[in-house]
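What follows is a set of notes on a single structure, which appears directly below.
In what follows, chains carry the letters A, B, and so on, assigned in the order in which the sequence lines appear, proteins first and then strands, with residues in each chain numbered from 1.
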Amino acid sequence: MSNLILTPNIPGADDFYAELLATHEGLSKAESDALNARLVLVLANHIGDRAVLSDALKAAALSKEDAA
Amino acid sequence: MNQISDKKIFEVPLYSYERSPDQDADAPVRRKVVVIGAGPIGLGAAIDLAQQGVEVVVLDDNDKVSFGSRAICFAKRPLEILDRLGCGHEMVAKGVEWQLGKVFFDERQVYEFNLLPEKGHEFPAFINLQQYYFEEYMVNRVRAMQAQGAPIEIRGRNKVLRVTDTGDHVSLLIDTPEGEYKLEADWLIACDGAGSPTRAMMGLDFVGRVFEDNFLIADVIMEADFPTERWFWFDPPFNRGQSALLHKQPDGVWRIDLQLGWDIDKEEEKKPENVIPRLKAMLGEDVKFELEWVSIYTFQCRRMEKFRHGRVIFAGDSAHQVSPFGARGANSGLQDTDNLGWKLKLVMDGIAPDSLLDSYDVERVHGADENILNSSRSTDFITPKSEMSRVLRDAVLDLSEHYAFARPLVNSGRLSVPCTYDGSPLNTPDALPGGPARSRPGSPCADAPMGDGYLLPHLGDRFTLLTIGAEAPDSLEAEGLSIQRLALDATPEVRERYLGDAASAVYLIRPDQHVAARWPAYDAVAVETALKRAIGKE
């Protein structure tokens, strides 16, 4: 297993979540989908660690074997 | 159609039909090697064998070079192979070199790039050259070899009707303008293209269809002075939902590829009244141009399960087919024949066991899979298969306009790079601690400056012991082969490409300029063991 952090790690979690919602405010579904896609790519590049990215993809997919 | 009037090289017979004495023989004549197809791959195979003194007869159902430009982008490795075959420099002299590319999305340019090829190589990273010139120069090479008495022959308008592998030889039934005749061959190399009649006659499968698409290919002679750059469009206004490519060729000819999708009426799309408005939308209403050649190109990504079937060996598009993105067709086909030529010669001479030819299968299937993987990924980027893959693709393109990080994700074709035969049974495990990964066993040798010239012309056609700061005999005999040593100075390029962190190195190089084994110092037993392995004796 890589160093993918799946425990609370964002200081001011509520602030972050509000900022995420605010960024999407007023956007159409298509615009929001595009924004999310860009955000994923920006964050993935920042992480840059292939093993962490693979584990993040699996974690996000909520596949059974990784649910534990 | 705006066809230009003077005759093009592809309209003139280059190897007209001539009656061969074989057609009048009482019993079928047995030849050493017969190659079917006088395209770039068939000619490459034939020249390689004839250079080694192997008698080879090339049969082609036509008598001219390829019609229209077809393959136009040739990479460094095939140029190096052609140089070994004696016709690399002609290609470079005629070809157009390019380094700058521009990527457009919708109506705007999102970024541009410079290939910035590594210095210290004799051949450029890529040239653009029409396939008909490519074939013409190879035919010229065949003629020059014939003048020197090389055992090589091209028979135009010789169409193979039947192929039978008897186990002991291959027997062929051939049709000509003067009727049929029979011919036998110890070995048959089928280089008869993606639609390979040989493959069909032998009832062999062409499996793994991954992708289907159509491209309108137009060669246009333009008066406008466009720069020598590769321009690629994703989803442009003049070809909505599809891609487009503009690329320069010699003689003021421009290649334009317009992706059309799968479900189209090919005959309709090819008509000038449909082609010209598309090109005007792309180039601008005011640009004056003439159409030299228009074609619809359909491709699939697939390969034969095995490239070797007894005494019949497939090479090039007959064995594997990829999408055009990345220029991996002709480029990989020449790597096939590069891999095959020396092996076949050693087997024919009884120096290597027949099973050495199975390593052609292993190594070139590996190469084909790599090409199919790369070109399939390009295709998936260029033509997203789902709504979300389009959203992600567009996100990459939008980001690439603003941030450098997204640019490596843009995939308009990963240009052909030579295959490293990792895991090949001919490799000896890497024994050079600190050696650079790029020259590990299985790798093609990287060129480097050497004296007034370059390294690669000193390698190939035979096994070579390359030494850098290490002692070794100047020549040695083993396993029926004589190996010459080549001592290299540790220049900065040699250090970077062959030494890495090692203080000295000894490389065993195959006749196709791939690394078979490497060590920090010479050891007679280790070299002999590696040699045995490299010719399939282990």
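- Residue-environment remark: CD1 (A:Ile5) stays at or below the threshold of 12 foreign heavy atoms within 6.0 Å.
- At a 4.5 Å heavy-atom cutoff, the contact between A:Val42 and chain B is made by backbone and side-chain atoms alike.
- A:Asp33 CG to B:Asp394 CG: the interatomic distance, rounded to the nearest 0.5 Å, is 11.5 Å.
- By the neighbour-count criterion of 12 heavy atoms within 6.0 Å, atom CG of B:Asn114 is densely surrounded, having more than that number from other residues, nucleotides or ligands.
- Around atom CZ of B:Arg108, more than 12 heavy atoms belonging to other residues, nucleotides or ligands sit under 6.0 Å away.
- Rounded to the nearest 0.5 Å, atoms CG (A:Asn45) and CG (B:Leu409) are 7.5 Å apart.
- Counting non-hydrogen atoms of other residues, nucleotides and ligands closer than 6.0 Å to CD of B:Glu305 gives a total of 12 or fewer.
- Across every non-hydrogen atom of B:Ala395 and A:Ala34, the tightest pair is CB-O, 4.4 Å.
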